[in-house]
Amino acid sequence: MKEFKSLGNKSEIPRDPEKFKLESIINPHQNKEYVIRLSSPEFTSICPITGQPDFGNIIVDYIPNKKIVESKSYKLFLFSFRNFGGFHEDCTIKIANKIIKCIRPKWLRVGGFWNPRGGIPIDIFFQTNEPPKTIWIKEYDVMPYKGR
């Protein structure tokens, strides 16, 4: 556990997603192809123009290679966006890039389902390549924002 900065330790909320070091663990099933889904329905960031909070649901699907994302580290990474001024596109792609750099997955898809800003919900999708045809990947079941 010494190699983990987050897991098993009290953690402060990081302030900068660029500086945060996402942690990984060894994939215990490297001889299998399977999908990991990380769902974050209460993601928040800050609009870089107005300073108002933005809310979204970030869904990450990936097929691991040699490593998998350590979940507490991932949670702290997402927390680092709470005071980060970034547009929806920037936040979604930063999440994808950080995961790619950390674990080099065989395949990655990130969906950012953002609540409306100015009356328009904005959804951002990123995918590294085509997933293998032999693996089942659940389609998104996020309902579009319908207001109250």
Side-chain angles (χ1 to χ4, degrees), residues 1-49 53-117 120-145:
M1 294 279 271
K2 284 184 177 180
E3 69 270 14
F4 296 112
K5 190 172 189 176
S6 304
L7 185 62
N9 297 306
K10 185 174 179 173
S11 304
E12 291 189 24
I13 295 175
R15 299 198 164 273
D16 186 348
E18 292 284 349
K19 294 178 182 173
F20 186 80
K21 183 169 180 348
L22 187 61
E23 296 178 345
S24 64
I25 60 174
I26 298 297
N27 176 2
H29 301 285
Q30 293 181 33
N31 61 335
K32 307 263 189 235
E33 279 201 333
Y34 62 101
V35 177
I36 294 175
R37 174 168 282 181
L38 303 169
S39 300
S40 307
E42 298 178 348
F43 182 84
T44 59
S45 64
I46 300 294
C47 173
I49 305 298
D54 286 321
F55 302 91
N57 184 354
I58 303 293
I59 299 176
V60 173
D61 293 315
Y62 71 94
I63 298 172
N65 199 352
K66 295 180 180 180
K67 296 180 179 182
I68 61 176
V69 173
E70 193 283 307
S71 61
K72 182 176 180 186
S73 173
Y74 178 71
K75 176 181 73 172
L76 291 170
F77 170 57
L78 294 185
F79 283 173
S80 73
F81 284 88
R82 289 189 172 178
N83 294 310
F84 175 75
F87 292 113
H88 303 327
E89 299 83 356
D90 188 32
C91 293
T92 304
I93 300 303
K94 277 188 189 314
I95 292 167
N97 287 339
K98 185 72 78 169
I99 293 170
I100 290 167
K101 184 177 179 183
C102 178
I103 64 166
R104 305 213 185 288
K106 292 179 183 178
W107 174 81
L108 172 79
R109 174 177 69 187
V110 178
F113 299 86
W114 295 85
N115 291 353
R117 181 194 294 168
I120 301 171
I122 299 173
D123 297 335
I124 313 298
F125 304 102
F126 174 86
Q127 182 171 298
T128 55
N129 53 13
E130 289 294 320
K133 302 239 184 280
T134 58
I135 196 156
W136 177 70
I137 301 169
K138 188 176 187 320
E139 289 301 317
Y140 292 131
D141 55 3
V142 176
M143 294 300 294
Y145 184 86

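What you see is a predicted model, and the numbers here were worked out from it, not measured in a lab.
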Next on the checklist: To check you understand the geometry: which heavy-atom pair defines the closest contact between W114 and T92, and what is its length?
Outcome noted: NE1-OG1, 3.3 Å
Next on the checklist: Rounded at 0.5 Å granularity, tell me how far OH in Y74 sits from CD1 in I68.
Outcome noted: 14.0 Å
Item to check | Short side-chain to backbone donor-acceptor contact, S80 and F77, under 3.5 Å | outcome: yes
Would you tabulate the side-chain donor-acceptor contacts of residues 98-108 under 3.5 Å, counting partners in other chains and residues two or more places apart, or write 'none'?
| residue | atom | partner | partner atom | Å |
| --- | --- | --- | --- | --- |
| K98 | NZ | P17 | O | 3.0 |
| K98 | NZ | E18 | O | 3.3 |
| K98 | NZ | F20 | O | 2.6 |
| W107 | NE1 | N129 | O | 2.8 |

If you look only at distance, which donor and acceptor atoms sit under 3.5 Å apart when one is on a side chain in residues 34-44 and the other is two or more places apart or in another chain?
| residue | atom | partner | partner atom | Å |
| --- | --- | --- | --- | --- |
| Y34 | OH | N27 | OD1 | 2.6 |
| R37 | NE | D61 | OD1 | 2.6 |
| R37 | NH2 | D61 | OD1 | 3.4 |
| R37 | NH2 | D61 | OD2 | 2.9 |
| R37 | NH2 | K138 | O | 2.7 |

Checklist outcome for this item: Value for CG (L78) from CD1 (I58), rounded to nearest 0.5 Å, stands at 7.5 Å
Checklist entry - Which atom names give the shortest non-hydrogen contact between V60 and V110, and what distance separates them? => result CG2-CG2, 4.1 Å
Next on the checklist: Could you go through I122 and F87, starting from their C-alpha distance and side-chain angles, then the distance that decides it, and tell me whether this counts as side chain to side chain contact (heavy atoms under 4.5 Å, CB included)?
Outcome noted: CA-CA 10 Å; I122 299 173; F87 292 113; over 6 Å; no
Checklist entry - Which pair of heavy atoms, one from I63 and one from P132, lies closest together, and at what distance? => result CD1-CD, 3.4 Å
Checklist entry - Once you round to the nearest 0.5 Å, how far does NZ of K21 lie from CG of L76? => result 13.5 Å
Checklist entry - Roughly how far, to the nearest 0.5 Å, is the CG atom of D54 from the OG atom of S45? => result 4.5 Å
Item to check | Within-4.5 Å side-chain heavy-atom neighbours: P64 and V69 | outcome: no
Item to check | Closest approach of G86 to C91 (non-hydrogen atoms, all atoms of both residues) | outcome: O-SG, 3.7 Å
Item to check | R109 and its side-chain contact (heavy atoms from CB on, under 4.5 Å) partner, picked from F126, Y62, Y140 | outcome: Y140
Checklist entry - Shortest non-hydrogen contact from H88 to N115? => result NE2-O, 4.5 Å
Item to check | Point-to-point distance, once rounded to the nearest 0.5 Å, from CD1 of I25 to NZ of K67 | outcome: 11.0 Å
Checklist entry - Which distance, rounded to the nearest 0.5 Å, do you find between the CG of N97 and the CG of D90? => result 9.5 Å
Next on the checklist: Taking the ring of F79 and the ring of F84, is the distance between their centroids below 6.0 Å?
Outcome noted: no
